[in-house]
Participant: 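Here it is, the structure, as structure tokens.
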Amino acid sequence: MVMPVLKCPYLAQLTLQQVRASAPNILNTGAESCPIFGQFVRKLSTTVVNNTASLNVSSSLSSMNFDDIKAVHENFLGRKTSNKVTIPTAINKTANSYGEIVISTECEDLLCPFLKTTPITLRRFNNEQHTNKIHQKLEKIINPIVNYTNLFQYNNFFDEKIEAKKRDNSYRVFKRVQRKSGLFPQAEEKKNLDDNKDSRTITVWCSNDYLGLGQHPKLKKAVIDAVTLHGSGSGGTRNISGTSPLHEKLEQQLAHLHQKESALLFTSCYVANDTTLFTLAKALPNCHILSDSGNHASMIQGIRNSHVPKHIFRHNDIEHLEELLKKLPKHIPKIVAFETVHSMDGSICNLEAMIDVAHAYGSITFIDEVHAVGLYGHNGAGIGERDHVLHKMDIISGTLGKAFGSIGGYIAGNARMTDFIRSYGSGFIFTTSMPPTVLASALAAIEVSMSDEGRSLRRKQQENVRELRSKLIDAGLPVIISPSHIIPIHVGDAALATLLCNHLLDRYSIYIQSINYPTVERGTERLRIAATPYHKSEMIDKLVDALKHVWQDIGLTLKDVEQQQQPILMRHHA
């Protein structure tokens with residue numbers, strides 16, 4: 001082991017053992033011979049004389065150890081001296097067993113008298129050569145010579161996976177759509193990221209901002225006021241950075257909306273679903289989960305990660321659910337997880353019947369109302385409020401990112417359950433909380449939803465949905481009939497679905513995003529259309545006419561009236 005490089009080129013080459021063995025001798029000799037030690041000794045001798053007049057410098061130095069030597073060098077590191085030194089005529093030579101010591105060529109420039117008179121055998125070396133050797137050693141450590149022939153080729157793997165998606169037409173190319181305040185449901189398509197010359201206005205028919213609240217004046221004002229008062233960020237997790245009154249107010253408002261004791265906020269409803277289902281299933285002893293085959297990926301992820309026994313029942317099939325429940329002991333914990341409004345086929349479950357069957361066999365229900373909150377019920381609490389069964393629903397999950405025009409997710413239920421998830425759910429504990437702008441926006445959105453304005457927006461949206469669905473059916477397009485606001489049009493081929501959307505955008509400035517695998521199963525690819533209160537009748541007519549033309553242009557056939565009466569069956573998987 002070598003000492004750290006210090007000012008003295010000699011001591012820098014000595015081992016720790018060598019310095020420790022002869023510290024007093026080195027100090028005594030250096031005090032008389034070395035310019036650096038000389039300065040130190042003069043300062044030290046003044047202190048020694050003042051404190052103990054009877055002691056000489058040599059006796060003081062002889063009591064110093066290795067740490068003192070190191071401290072000396074650190075004190076004088078980087079300092080230079082031009083003082084001339086008197087070289088003593090005689091220096092006490094003592095025998096040594098150090099062997100050969102390598103020294104730097106700098107010592108020759110210093111004309112160090114200590115090195116000239118030391119009994120240690122010295123060998124000079126070329127400092128540049130020594131540095132090169134060190135660099136070569138470091139190079140081997142940093143960039144070792146490796147045989148790459150047998151190593152896994154990561155980039156090749158990624159390339160092949162991407163090419164596979166391109167081959168089956170499930171590779172997604174994002175459309176660059178810029179929402180502009182006051183233009184909804186229209187937006188701006190930008191061909192170039194930093195150039196507006198090729199931008200154009202398009203009409204959006206696939207936004208989940210179902211009521212257009214994302215550009216509502218009250219929400220925009222709430223965001224501006226919040227960032228002015230509180231800044232842009234939350235500062236971290238609620239456990240560490242603290243919870244804000246805005247967090248608590250929003251949770252209270254969400255609990256009130258769903259007629260529950262408590263609510264808990266998450267950064268997204270994906271995180272809310274994943275975290276809640278995983279945490280509950282892992283914690284409840286011998287828990288089983290019964291999952292609807294059409295459940296969202298976030299619910300599936302939480303269920304899979306929990307590794308508890310799962311039982312998948314056919315989409316919205318109450319009889320199949322009951323059949324599976326009968327096979328499980330009543331006394332063990334069970335969670336029945338499903339959605340009220342299905343996001344891809346627009347179906348709505350028989351909510352009360354599903355809850356009653358689950359409760360009859362000792363289960364609790366986890367009910368995703370993501371595509372229902374803001375859109376159904378007197379106050380916009382969802383299908384549970386519309387069907388007057390909020391009191392029967394155990395755990396409700398919802399989003400702030402769709403009809404409420406913002407971002408984030410939440411669960412609502414009894415206080416003990418939400419406190420349990422707050423205390424044990426890692427997706428809540430270890431994630432930065434939502435910023436004040438989002439919280440203020442969501443509070444304003446719920447206020448609008450629970451008002452007469454919110455009820456008016458819901459009515460207008462449903463009117464537009466009915467008008468659009470009716471005109472699409474009359475045009476012979478294969479509409480998947482559903483009772484909700486979601487209008488799917490069956491295509492059944494990923495390449496054709498993508499081609500339809502590209503033609504609509506390029507030729508008619510109409511933006512709809514095709515829905516391909518893995519969002520839906522292969523063979524069930526579709527267009528998914530969402531009308532809002534702000535789509536005008538002339539926009540609806542333009543969409544129907546454009547869709548009819550591109551449908552036939554790519555070789556698809558329109559249905560006659562008799563074919564339209566036959567329902568299109570969609571497969572679901574979990």
Participant: Return the set of residues passing side chain to side chain contact (heavy atoms under 4.5 Å, CB included) with V271 (not counting sequence neighbours), or none when no residue passes.
Facilitator: F266, T267, S268, T275
Participant: Do S537 and E467 get their side chains close enough for a donor-acceptor pair, meaning under 3.5 Å?
Facilitator: yes
Participant: Would you tell me whether R459 and N464 have side-chain atoms, one donor and one acceptor, within less than 3.5 Å of each other?
Facilitator: no
Participant: With sequence neighbours left out, what residues match Y511 under ring pair (Phe, Tyr, Trp, His ring centres under 6.0 Å)?
Facilitator: none
Participant: Salt bridge check: are R176 and E189 linked by an N-O gap of less than 4.0 Å?
Facilitator: no
Participant: Can R522 and D168 be counted as an ion pair, charged N to O under 4.0 angstrom?
Facilitator: yes
Participant: Report yes or no: is the cationic atom of K334 (NZ for Lys, CZ for Arg) closer than 6.0 Å to the six-membered ring centre of Y361, at no more than 45° off its axis?
Facilitator: no
Participant: Hey, could you give me each pair passing ring pair (Phe, Tyr, Trp, His ring centres under 6.0 Å) that has a residue in residues 445-465? Not counting sequence neighbours.
Facilitator: none
Participant: Measuring from atom CZ of F404 to atom OH of Y210, what distance do you get when rounded to the nearest 0.5 angstrom?
Facilitator: 13.0 Å
Participant: Does one side chain, of N295 or H315, offer a donor that lies under 3.5 Å from an acceptor on the other?
Facilitator: no
Participant: Is the shortest distance from a Lys or Arg side-chain nitrogen in K471 or D474 to a carboxylate oxygen in the other one below 4.0 Å?
Facilitator: no
Participant: Can you list every pair that meets side-chain hydrogen bond (donor to acceptor under 3.5 Å, both in side chains) and has a residue in residues 543-553, with sequence neighbours left out?
Facilitator: R507-D553
Participant: Return yes if a side-chain donor-acceptor contact under 3.5 Å exists between R458 and S449, otherwise no.
Facilitator: yes
Participant: Verify whether one side chain among E453 and H216 offers a donor that lies under 3.5 Å from an acceptor in the other.
Facilitator: yes
Participant: Once side chain to side chain contact (heavy atoms under 4.5 Å, CB included) is applied, do any residues pair with P435, and if so which ones, sequence neighbours excluded?
Facilitator: T437, V438
Participant: Determine, for D209 against R179, whether the closest basic-nitrogen to carboxylate-oxygen distance falls under 4.0 angstrom.
Facilitator: yes
Participant: Please check if any side-chain donor atom of T201 sits under 3.5 Å from a side-chain acceptor atom of Q186, or the reverse.
Facilitator: no
Participant: If you measure from the Lys or Arg side-chain nitrogens to the Asp or Glu carboxylate oxygens, is any gap between E463 and K536 under 4.0 Å?
Facilitator: no
Participant: Taking ring pair (Phe, Tyr, Trp, His ring centres under 6.0 Å) as the test, write out the residues that go with Y376, two or more places apart.
Facilitator: H485
Participant: Considering the options D368, T276, V373, which one meets the side chain to side chain contact (heavy atoms under 4.5 Å, CB included) requirement together with S397?
Facilitator: D368
Participant: With no hydrogens and no angle check, do the side chains of N239 and T237 hold a donor and an acceptor under 3.5 Å apart?
Facilitator: no
Participant: What I'd like to find out is whether the side chain of D493 reaches to under 4.5 Å of the side chain of N169, using heavy atoms alone.
Facilitator: no
Participant: Compute whether any side-chain donor of one residue and acceptor of the other, for K191 and S199, lie under 3.5 angstrom apart.
Facilitator: no
Participant: Between K165 and N516, do the side chains contain a donor N or O and an acceptor N or O under 3.5 Å apart?
Facilitator: no
